[in-house]
Amino acid sequence: MKASPNAQLQLLELARLDAQRARLEHTAKNLPEQHHLLQLKDERSTRRAELVRLTGVVEDSEAELRRQQSDVELVEQRLKRDEARLAASTSVKDMQGLEREIATLKKRRSDLEDIELELMARLERERAELTDAREQRNAVEQQADELTELRDRAVEHLKQEAKTNALARREVLKQLPQDVIELYESCRGRGGVGAAELVGAVTMATGVTLDHADLTRIAAASADDIVMCPDSGAILVRTERSARS
């Protein structure tokens, strides 16, 4: 197959653009920000679950404290009622009964107030744990938000580069014959490299130095002959930097 020297140089540009596109795709799949987000995933779930758990613990303790305070209030009401009855009573027997009940209610109130104090102390500790858990959750979520913003900016930048690459690639393809394009794509599909420059005696497709026989064969080809790299199977493009024999 033949192609003008200029068309062959365009193949090098096409190969450069394809290599750039491959690098962009690799970068997009391996963004460090996305890697860090994946690492944070389990911690975010753990922090959220712990916050939900501690919120439930605090709510349960608050409900228990309200019930305890309600019990104390009921005892207080009964004490006030019995003390009023005692003050108004003239019956010794009734007075003795009321005094015993008042003593029992005071003991009950004391016990309930002790429990109430224990609940309040426990609730204070639980609220502190909840506050700490909320701060830890907020910290990891803020870190995730910052990473997400950095990742999204990186993705957008890569998209713009990919768009520029695609436009440049289309312009190069317009300058190449269809049969040359098909040969290039076939070579790229087999070995990953469609075309490469011959620099000195080295094929840039693989970095291998070609032997004398191959170099002699390549040097004997006319300028518009398409020659193939014997090491990679890619189109080998001769330039001013190529060995002549």
Exercise for review: Drop me the distance from L79's CG to T104's OG1, to the nearest 0.5 angstrom.
Suggested key: 10.0 Å
**Study point:** Derivation and outcome, salt bridge (Lys or Arg N to Asp or Glu O under 4.0 Å), residues R67 and E64
**Key:** CA-CA 5 Å; R67 289 193 297 270; E64 186 177 355; 5.0 Å; no
Practice item. Group every Ile, Leu, Val, Met, Phe, Trp and Tyr by side-chain heavy-atom contacts under 4.5 Å, then state whether V180 and L12 land in the same group. Key: yes
Check your understanding: Once you round to the nearest 0.5 Å, how far does CG of L86 lie from CE of M95?
Key -> 5.5 Å
**Study point:** Taking every non-hydrogen atom, the tightest pair across L31 and A154
**Key:** CD2-CB, 4.0 Å
Exercise for review: Taking the side chain as every heavy atom from C-beta outward, state whether L210 and I218 have any pair of such atoms under 4.5 Å apart.
Suggested key: yes
Practice item. Show the numbers, then the answer: is there a side-chain contact (heavy atoms from CB on, under 4.5 Å) between L17 and V172? Key: CA-CA 9 Å; L17 290 170; V172 171; 3.9 Å; yes
Exercise for review: Using a strict cut-off of less than 4.0 Å between a Lys/Arg side-chain nitrogen and an Asp/Glu carboxylate oxygen, indicate whether R108 and E101 qualify as a salt bridge.
Suggested key: no
**Study point:** 4.5 Å side-chain heavy-atom contact, E62 and R127
**Key:** yes
Review point. Are any non-hydrogen side-chain atoms of N165 and D18 less than 4.5 angstrom apart?
Key: no
Check your understanding: Below 4.0 angstrom, N of the basic side chain to O of the carboxylate: do R16 and E13 qualify?
Key -> yes
Exercise for review: Would you check if E156 and D152 make a side-chain contact, meaning some heavy-atom pair closer than 4.5 Å?
Suggested key: no
Exercise for review: Mind running side-chain contact (heavy atoms from CB on, under 4.5 Å) on E59 and L54 for me, showing each step along the way?
Suggested key: CA-CA 8 Å; E59 290 175 349; L54 289 174; over 6 Å; no
Review point. Roughly how far apart are E50 CD and D132 CG, rounded to 0.5 Å?
Key: 9.5 Å
Revision key, fill the gap. So CD of E116 and CG of D111: to nearest 0.5 Å the spacing works out to 12.5 Å
Study note, to complete from the structure: Smallest heavy-atom separation, A195 atom then A15 atom, equals O-CB, 3.3 Å
Practice item. Kindly compute the distance separating CG (L11) from CD (Q8), expressed to the nearest 0.5 Å. Key: 7.0 Å
Practice item. Using a 4.5 Å cut-off on heavy atoms from C-beta on, say whether the side chain of Q178 contacts that of L173. Key: no
Check your understanding: Among R122, E124, R125, whose side chain to side chain donor-acceptor pair (under 3.5 Å) with S61 holds?
Key -> R122
Review point. S4 versus D224: any side-chain heavy-atom pair under 4.5 Å?
Key: no
Exercise for review: Indicate yes or no: does D82 engage R78 in a salt bridge with an N to O separation below 4.0 Å.
Suggested key: no
Point to revise | Any donor-acceptor N or O pair under 3.5 Å, side chains D42, S45 | key: no
**Study point:** Gap separating the CD atom of E129 from the OG1 atom of T131, nearest 0.5 angstrom
**Key:** 10.0 Å
Check your understanding: Do L158 and T27 come close enough that some side-chain heavy atom pair is under 4.5 Å?
Key -> yes
Check your understanding: Between R81 and Q77, is a side-chain contact (heavy atoms from CB on, under 4.5 Å) present by the stated rule, with each step listed?
Key -> CA-CA 6 Å; R81 183 192 65 192; Q77 291 173 357; over 6 Å; no
Review point. Could E185 and R169 be called an ion pair, given the rule that one side-chain N must be under 4.0 Å from one carboxylate O?
Key: yes
Check your understanding: Do you reckon L123 sits in the same ILVMFWY cluster as L51, going by side-chain contacts under 4.5 Å, direct or chained?
Key -> yes
Check your understanding: Should K80 and E83 count as an ion pair when the cut-off is N to O under 4.0 Å?
Key -> no
Exercise for review: Could you tell me whether R47 and E141 make a salt bridge, using a distance below 4.0 angstrom between a side-chain N and a carboxylate O?
Suggested key: no
Check your understanding: S232 versus V193: any side-chain heavy-atom pair under 4.5 Å?
Key -> no
